[in-house]
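What follows is a set of notes on a single structure, which appears directly below.
The chain is numbered in sequence order, starting from 1.
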Amino acid sequence: MAVPVPLGTEDRTARLTLRRPDAWRREDTAQADLRVTGDDVVLTVRSRPSDRTIAEEHTSLLERLPGAVDGLRLIGCDPWTSVGAPARLVEYVRPDDGGDVVGAHLLFVTGRHRVDLTVERPLARMLATDDLVFAVLDTVRAAEPGPSRVQRDPEPLPAAAPAPAVEGVHLGPEALTTLRSLVGRRWNPALLRSPAGRELIESGLVGRLGTLPDSTQALLGPWERDEQPVTLEQRLPDGRTTRLQAWSETVVDGTDETGGVIAGLPVEQVVRTMAGRLGIGPAWTFPFRTRSLRADLLGRRTSGADVAPDLPAAIAEADPRLARFWAAPWTVSSLRRPGKPNPVVVVHADGQGFARVGRTEAGETVFTTDSPANVYRSVVRALLG
């Protein structure tokens, strides 16, 4: 159970009230109705006149945000009902000179005004500050309450941003194996005459006399320390499988059978890449009525069989949302962390959002919807936690 966060100070503007920790400090600024900072968190409130609906304002925000900062990724959006007015919560992550920044943007309409409350903090502090940030967001109240029902058919959402490519050196499977074999050993001259050795030399990863450039030694560092990787394995809708492995800042994008790209990437870039591979972006998250499925049925659906099994008619009739999810093309992702016996298994259904595969007991496997923002947190926990 999360420890309650003490929120002893109340702040008011013409459009809202909120509570926050006493240690946070209010700053005077002409560019905002309210700005408060503390615990690496920056909270800002702005408002302006508007006669538009929350759906119109939300659509406008989702169109504007990705273009506001190059490389910004939307990682989730949800209706937000505690404000007392029609509201949406949009989460995003954006690059910054000092490291990636994660933001929560609470948008609501009240008294013919649009109110934008943003909470930003460093990505490296996301997990440590989540309880605090959401405790504050839960206290936000509109000064002029209005009806805030969740719409049956909410506004359409934009597609997720594509995954950034892993740029590095492409090696065949034998060359990758040979490169790893160099850890802690002298260069064997016989390797110069092997196809794998020649490939390493031609790629520039190994000198012609067997020397290892500093950049190559940096790539080999995690292997020399016998580190275990964070691994993302995926089965795509067309049946292909992919694998992305990250050891500290050494990344291999490929499989043992096909070889792959090896590169040195900052860990925040690895987070961006995995988030893109998972298809994380804005998606509505509404629960299935069905909480679990037969293990053999779900196993066949996630295994990428040539012919996907049908959802039993009784379940499809009782749970139309699950039926739509089941019928869509699936990307099945397995995220494995060092020291954890079981991977996080996530299904992304095109146009339908995400679901998580849980434990199996007595022949039934838990299968529940999950928000893209929570899936993103699984990536952050694996790589930065």
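- Between Asp130 and Arg377 there is a salt bridge, since a side-chain N of the basic residue sits under 4.0 Å from a carboxylate O of the acidic one.
- Residues Leu34 and Leu43 form a side-chain contact, since some pair of their non-hydrogen atoms from C-beta on lies under 4.5 Å apart.
- Pairing each heavy atom of Pro237 with each of Thr331, the nearest pair is CD-OG1, 3.3 Å.
- Between Thr285 atom OG1 and Gln352 atom CD the span is 11.5 Å, to the nearest 0.5 Å.
- Contact record, Ser378 with Val344: OG-CG1, 4.4 Å, taken as the closest heavy-atom pair.
- No path of Ile, Leu, Val, Met, Phe, Trp and Tyr side chains, each step under 4.5 Å between heavy atoms, connects Leu265 with Leu176, placing them in separate hydrophobic clusters.
- For the pair Trp284 and Pro79, the minimum side-chain heavy-atom distance is below 4.5 Å.
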Would you please test Arg356 and Asp370 for salt bridge (charged side-chain N to carboxylate O under 4.0 Å, His left out) and show each step?
-> CA-CA 6 Å; Arg356 192 171 295 234; Asp370 204 0; 2.6 Å; yes

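- Within 6.0 Å of atom CD in Glu167, 12 or fewer heavy atoms from other residues, nucleotides or ligands are found, so the atom counts as exposed in its surroundings.
- With sequence neighbours excluded, no residue forms a ring pair (Phe, Tyr, Trp, His ring centres under 6.0 Å) with Trp24.
- What you find for Glu227 and Ser248 is that their closest heavy atoms are OE1-OG, 2.5 Å.
- The pair Asp11-Arg20 counts as a salt bridge, with a side-chain nitrogen and a carboxylate oxygen less than 4.0 angstrom apart.
- The pair Arg336-Glu233 does not count as a salt bridge, with every side-chain nitrogen at least 4.0 angstrom from each carboxylate oxygen.
- The existence of a salt bridge linking Asp70 and Arg94 is excluded, since no basic side-chain nitrogen approaches an acidic carboxylate oxygen closer than 4.0 Å.
- In this structure, His58 contributes its side chain and Glu56 its backbone to no donor-acceptor pair below 3.5 Å.
- Between Asp39 and Arg121, none of the side-chain N atoms (NZ, or NE/NH1/NH2) sits under 4.0 Å from a carboxylate O, so this pair counts as no salt bridge.
- Within a 6.0 Å radius of CZ in Arg359, other residues, nucleotides and ligands contribute 12 heavy atoms or fewer.
- Scanning both residues, Arg289 and Ala318, for their nearest heavy atoms gives NH1-O, 3.0 Å.
- Taking CG of Leu182 as the start and CG of Leu200 as the end, the distance is 6.5 Å to the nearest 0.5 Å.
- The local environment of CZ in Arg12 is sparse, with at most 12 non-hydrogen atoms from other residues, nucleotides or ligands closer than 6.0 Å.
- A 6.0 Å sphere centred on CG of Asp22 holds more than 12 heavy atoms belonging to other residues, nucleotides or ligands.
- Residue-environment remark: CZ (Arg48) exceeds the threshold of 12 foreign heavy atoms within 6.0 Å.
- Applying the ring pair (Phe, Tyr, Trp, His ring centres under 6.0 Å) rule to Phe354 yields the partners His348; only residues at least two apart in sequence or on another chain are considered.
- Clustering ILVMFWY residues whenever any of their side-chain heavy atoms sit less than 4.5 angstrom apart, transitively, puts Val332 in a cluster other than the one holding Ile280.
- In this structure, Arg291 places its CZ atom where only 12 or fewer heavy-atom neighbours from other residues, nucleotides or ligands lie under 6.0 Å away.
- Linking Ile, Leu, Val, Met, Phe, Trp and Tyr residues whenever their side-chain heavy atoms come within less than 4.5 Å leaves Val42 and Leu16 in two separate clusters.
- Geometrically, Arg301 engages Trp330 in a cation-pi contact defined by less than 6.0 Å to the ring centre and at most 45° from the axis.
- Taking a cutoff of 4.0 Å between a charged side-chain nitrogen and a carboxylate oxygen, Asp40 and Arg125 qualify as a salt bridge.
- Seen from the ring of Trp80, Arg88 does not count as a face-on cation partner, given the 6.0 Å and 45° thresholds.
- There is a path of hydrophobic side-chain contacts, each under 4.5 Å, that joins Val252 to Val206.
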Side chain to side chain contact (heavy atoms under 4.5 Å, CB included) between Val346 and Val357, worked out | CA-CA 6 Å; Val346 174; Val357 180; over 6 Å; no

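- For Arg225, the CZ atom counts as densely surrounded, since its 6.0 Å shell holds more than 12 non-hydrogen atoms of other residues, nucleotides or ligands.
- A salt bridge does not link Arg46 to Asp116: none of the charged side-chain nitrogens sits closer than 4.0 Å to a carboxylate oxygen.
- Leu72 and Met274 are members of different hydrophobic clusters when ILVMFWY side chains are connected at heavy-atom separations under 4.5 Å.
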